[in-house]
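Working notes, structure below.
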There are 2 protein chains.
Amino acid sequence: MSPQRPLRADAARNRARIMATAHEQITEHGAGVSMERIAAASGVAVGTLYKHFPNKTDLVNAVIAASFAPVADDAEDSLRRAGQGAPAMEELTGFLTRLMDTVAHNQAVKAAAHALNTDHAVHPAMRDLEARVTSALGQLLRAAQAQGELRTDCTVDDLYLVLSTFPTDQAPAARVRWLALVLTGLIAR
Amino acid sequence: MSPQRPLRADAARNRARIMATAHEQITEHGAGVSMERIAAASGVAVGTLYKHFPNKTDLVNAVIAASFAPVADDAEDSLRRAGQGAPAMEELTGFLTRLMDTVAHNQAVKAAAHALNTDHAVHPAMRDLEARVTSALGQLLRAAQAQGELRTDCTVDDLYLVLSTFPTDQAPAARVRWLALVLTGLIAR
DNA sequence: TGTCAAGGTGAATTATGATTCACCATAGAG
DNA sequence: CTCTATGGTGAATCATAATTCACCTTGACA
């Protein structure tokens, strides 16, 4: 499975289906889903999962990395728009709202990865995404403060602290209400 | 194990030690700890666990119920003090701070119970605790609003929504900071 | 102190699930 | 059209855990 030479067409197809199915199954049944079940739902044999991923942990990590990949792009797009004159605070809240949706949708996968990665290790791919988001978020934050829309004593860490705790299991309406309540504490008086 | 006649002295001792040990082990190793391990750490044989609890799920539910039992009393004490002239908002934030500590300390057990209780069922004992807390919290909330210390459009649901999301895995200092940030959004302007 | 039911023991049973591997199938290069 | 490396298969193996149970121990009451 080394990326040396490109995957055969059918292999690529299967790999994609496996990751999509794994996401569904984990979302539906939690981190406990068996490889057997994921294989069956993908329409392949267990052995095939192992042809693509050395073990369950790696499969889950691949799924989570793929699920969150778009977030970093989104953060950087928001920052770019702010740089081109869009109100920074609006970009910030817009990004946070979309981020909440993404995390909510991938909550089970996130939990699964956390449960399977022994000790506490975070997947390198996730570490990379996090770095990009942190950077973009920091700049957005400073821009919003410069425009007087955000408390100047609010740090990126504060933002993360608050962000890290939003209600993943609530309905979208409740999530929006939550964000509104919480942001009130961050907006400049 | 019916509560008909009191437990024999050694049995009571063991039962207490088992629950304490189970709490430790779950906190340290997650919901996945084996009964074997809990038994070993308690200094008894596996069979003994099953003499006291029909299965792992019931053991975990007993542990979590015991861990959270004091919270309801605390809520009611706070309410009582407010009724005797203590500032309601102070009682409210005091209670919330202590609640955060309790939840943080019992985070792993809470997660374990959630993971083990098939479907989504909440233990009846927990349901009862929740009802008492909700009641006390509602009255505290209204008192704080009557004293002009809290936004009047803030409901008990809002309080729960925000409460349900505090950062269990952060250091105490970070938790306090979080509460301060979030409460700012709830305090009357 | 003697009795015996409550309490304790831990090897054995039963389940479940991850991972392996010897062998089969076929994309796609030549 | 032929090969053959890549990809697929799934029964078998290995490991881990929950739960049971036939048989000991011992608190505590008479």
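Every chain is numbered from 1 and lettered A, B, ... according to where its sequence line falls, protein lines coming before strand lines.
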Report each atom pair, protein N/O against N/O of nucleotides 28-30 of chain D, whose distance is under 3.5 angstrom.
from, atom 1, to, atom 2, distance (Å)
dA28(D), OP1, A9(B), N, 3.0

Item to check | Worked check of salt bridge (Lys or Arg N to Asp or Glu O under 4.0 Å) between D77(A) and R80(A) | outcome: CA-CA 5 Å; D77(A) 286 345; R80(A) 192 166 308 116; 2.8 Å; yes
Next on the checklist: Check this for me, if you would: do D158(A) and R151(A) make a salt bridge, where the nitrogen-to-carboxylate-oxygen distance has to be below 4.0 angstrom?
Outcome noted: no
Checklist entry - What is the distance, rounded to the nearest whole Å, between atom OH of Y50(B) and atom C1' of dA11(C)? => result 15 Å
Item to check | Spacing of L59(A) atom CG relative to dG17(C) atom P, expressed in whole Å | outcome: 16 Å
Checklist entry - Can you check whether Q147(B) reaches M89(B) side chain to side chain, under 4.5 Å on heavy atoms? => result no
Checklist outcome for this item: In whole angstroms, the gap separating C1' of dA18(C) from CG of L116(A) amounts to 11 Å
Checklist entry - Hey, does the side chain of K56(A) reach the backbone of V33(A) with a donor-acceptor pair shorter than 3.5 angstrom? => result yes
Item to check | Between P of dA27(C) and CZ of R15(A), the distance in whole Å | outcome: 20 Å
Checklist entry - Just how far, in rounded Å, is P of dT19(D) from NE2 of H52(B)? => result 16 Å
Checklist entry - CZ of R13(A) versus C1' of dG8(D): gap in Å, rounded? => result 13 Å
Checklist entry - Do T134(A) and Y160(A) pass the side chain to side chain donor-acceptor pair (under 3.5 Å) test, and can you show the C-alpha distance, the side-chain angles, and the key distance before you say yes or no? => result CA-CA 9 Å; T134(A) 301; Y160(A) 263 131; 2.7 Å; yes
Protein-nucleotides 9-17 of chain D N/O pairs under 3.5 Å:
from, atom 1, to, atom 2, distance (Å)
dT9(D), OP2, A45(A), N, 3.0
dT9(D), OP2, T48(A), OG1, 2.6
dG10(D), N7, G47(A), N, 3.4

Checklist entry - If you measure from the Lys or Arg side-chain nitrogens to the Asp or Glu carboxylate oxygens, is any gap between D73(A) and R132(A) under 4.0 Å? => result yes
Checklist entry - Is a salt bridge present between D101(A) and R98(A), judged by a nitrogen-to-oxygen distance below 4.0 Å? => result no
Listing, residues 57-64 of chain B side-chain donor-acceptor contacts under 3.5 Å, not counting sequence neighbours, or none:
from, atom 1, to, atom 2, distance (Å)
N61(B), OD1, N117(B), ND2, 3.1
N61(B), ND2, T57(B), O, 3.4
N61(B), ND2, N117(B), OD1, 2.9

Checklist entry - When you match A11(B) and P54(A) each to their closest nucleotide on DNA chain C, which lands nearer the 5' end? => result A11(B)
